[in-house]
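This one's a predicted model, so the numbers in the text were calculated from it and none came from an experiment.
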Amino acid sequence: MKFARFKVNEDVYKGVISETVVKEINGDLFGDWEYTGKEFSIKDVKLLAPLEPNQVIGIGANFVSKTEDLPSDLPKIPVFFFKPATSVIGPEDEIIIPAGIQQVKFESELAVVIGKEAKNVPESDVLDYIFGYTVGNDVTAPQFFHQDGHWTIGKSFDTFTPLGPVIETVLDPFNVRVEARLNGVEKQNSPTELMIVPLRKMISYLSKVMTLKPGDVILTGSPLGAEFVGEGSVIECEIKEIGTLRNTFITAKETVKV
């Protein structure tokens, strides 16, 4: 099923997309919900980020270019980082390049949506705790990285985590390709089998460190090919089985002093 959040005029709804129609639902997305009987044409709605996450967790440098480059030994402590929920935007929303710099990086990713509380989950059971999957763009301003390796500021600006267009619940995450097109030109296109830390191991590891909750989003890493982009650039992050997440980059407006 394809779950969506969307806006009609100023009202926000949750729903399930079925071909060209969005059917409104009411209730807990991760628990009990029901159809309300209200339907909208997909062309009459504005899609939002498909959920408002509790937290967003990313993993760094998690793809190689070919299977022969996959390491025989995985890192004992993978590089994870947090992104604030306030950085989340939806399809067609503008990504704001912070004042003082002219470029940021896009990073197309498969995003996992946790569906039930997960603590100390063995790798074999990880998929039982996943509600679904969406497309993420881990926008990054490495100019703000700390010289000692702290990534928080460079990952945390408002608008730096586009998600969407939907949460797909029927997906084989081990058999999809993560793609990105910049102004119509392909820049990223890799299968998830090229992840250094595989999805099961990644989420199992996190669950042993922290309790994952329904609505948490895990960004699983970005293929090689990410580039710096500037104002006016249009980025399309795509996983064909989920959809295309399209956003445009703009520069921050200068504050007017009175």
Side-chain angles (χ1 to χ4, degrees), residues 1-6 14-17 22 29 42 45-60 62-63 81 83 85 87-95 104-115 127 130-140 155 159-195 198-199 202-203 215-227 229 233-249:
M1 301 181 80
K2 287 181 165 60
F3 288 90
R5 283 177 66 246
F6 59 97
K14 293 179 294 187
V16 174
I17 295 179
V22 190
L29 190 63
I42 191 70
V45 311
K46 171 179 169 44
L47 291 178
L48 307 173
L51 78 163
E52 296 177 291
N54 300 317
Q55 59 183 347
V56 181
I57 305 168
I59 186 170
N62 197 39
F63 269 79
F81 54 87
K83 302 196 75 173
S87 68
V88 172
I89 58 173
E92 301 297 339
D93 290 339
E94 294 174 329
I95 301 169
V104 294
K105 273 189 171 182
F106 66 85
E107 296 183 21
S108 184
E109 311 202 8
L110 171 67
V112 172
V113 180
I114 300 298
L127 297 187
I130 295 175
F131 176 76
Y133 307 85
T134 190
V135 182
N137 185 353
D138 175 22
V139 181
T140 304
K155 297 279 190 180
T159 75
F160 268 28
T161 314
L163 296 175
V166 299
I167 300 172
E168 175 59 79
T169 59
V170 182
L171 182 79
D172 177 2
F174 311 108
N175 191 33
V176 296
R177 302 187 72 89
V178 180
E179 305 178 37
R181 292 180 300 278
L182 177 62
N183 299 324
V185 179
E186 183 179 280
K187 297 295 181 179
Q188 294 181 296
N189 190 338
S190 294
T192 49
E193 67 183 20
L194 294 180
M195 288 183 185
L199 186 148
M202 183 187 315
I203 294 175
D216 288 349
V217 170
I218 316 296
L219 302 174
T220 59
S222 188
L224 277 63
E227 294 183 0
V229 297
S233 296
V234 177
I235 185 67
E236 294 172 289
C237 301
E238 182 177 40
I239 296 172
K240 286 185 169 57
E241 294 81 355
I242 302 172
T244 302
L245 174 63
R246 183 182 183 276
N247 301 92
T248 301
F249 292 87

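Heavy atoms only, all atoms of each residue included: I239 and V176 are closest at CG2-CB, 3.9 Å. Residue A49 comes nearest to V88 through the heavy atom pair CB-CG1, 3.7 Å, listed as atom of the first residue, atom of the second, then distance. Nearest heavy-atom pair across G136 and L219 is CA-CD2, 4.3 Å. The two residues G90 and N247 come nearest to each other via the heavy atoms O-ND2, 3.0 Å. In this structure, S222 and S108 approach most closely via the heavy-atom pair OG-O, 3.0 Å. Nearest heavy atom pair, residue T161 against residue S87, reads OG1-OG, 2.6 Å.
By the 4.5 Å heavy-atom criterion applied to side chains, T159 and D93 are not counted as neighbours. F131 is listed as a side-chain neighbour of T169, based on a closest heavy-atom distance under 4.5 Å. Taking the side chain as every heavy atom from C-beta outward, D138 and F81 approach each other to under 4.5 Å. Two residues are said to be in side-chain contact when any heavy atoms from C-beta on lie closer than 4.5 Å; E227 and K187 meet this criterion. Within the 4.5 Å cutoff, the side chain of V113 has no heavy atoms near those of the Y133 side chain. Proximity of M195 to F63: side-chain heavy atoms (C-beta onward) are separated by under 4.5 Å at one or more points. Using a 4.5 Å cut-off on side-chain heavy atoms (C-beta onward), S190 and V178 make no contact.
We find the CG-NZ distance between L48 and K14 to be 13.0 Å, quoted to the nearest 0.5 Å. Annotation: the span from N137 atom CG to E109 atom CD amounts to 8.0 Å, rounded to 0.5 Å. Atoms CD1 and CD1, on I218 and I59 in that order, are 10.0 Å from each other to the nearest 0.5 Å. To the nearest 0.5 Å, atom CD1 of residue I17 and atom CD1 of residue I42 are 4.0 Å apart. T220 contributes atom OG1, which lies 5.0 Å from atom CE of M202 (distance to the nearest 0.5 angstrom). Taken from CD in E236 to CD in Q188, the straight-line distance is 13.0 Å, to the nearest 0.5 Å.
Proximity of a side-chain donor or acceptor of K83 to a complementary backbone N or O of V139 within less than 3.5 Å is detected. Of the possible polar contacts, none joining the T244 side chain to the E238 backbone as a donor-acceptor pair under 3.5 Å is found. Not a single donor-acceptor pair under 3.5 Å links the side chain of N175 to the backbone N or O of E193.
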Output side-chain donor-acceptor pairs under 3.5 Å for residues 50-57, partner residues at least two apart or in another chain, one line each.
residue : atom : partner : partner atom : Å
N54     : ND2  : P214    : O            : 2.5
N54     : ND2  : D216    : OD1          : 3.4
Q55     : NE2  : D216    : OD2          : 3.0

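Using a 4.0 Å cut-off between charged nitrogen and carboxylate oxygen, R181 and E186 do not count as a salt-bridge pair. For E179 and K240, the salt-bridge test passes: some basic side-chain N is under 4.0 Å from an acidic carboxylate O.
None of N62, T192, L110 except one satisfies the side-chain contact (heavy atoms from CB on, under 4.5 Å) rule with L199; the exception is L110.
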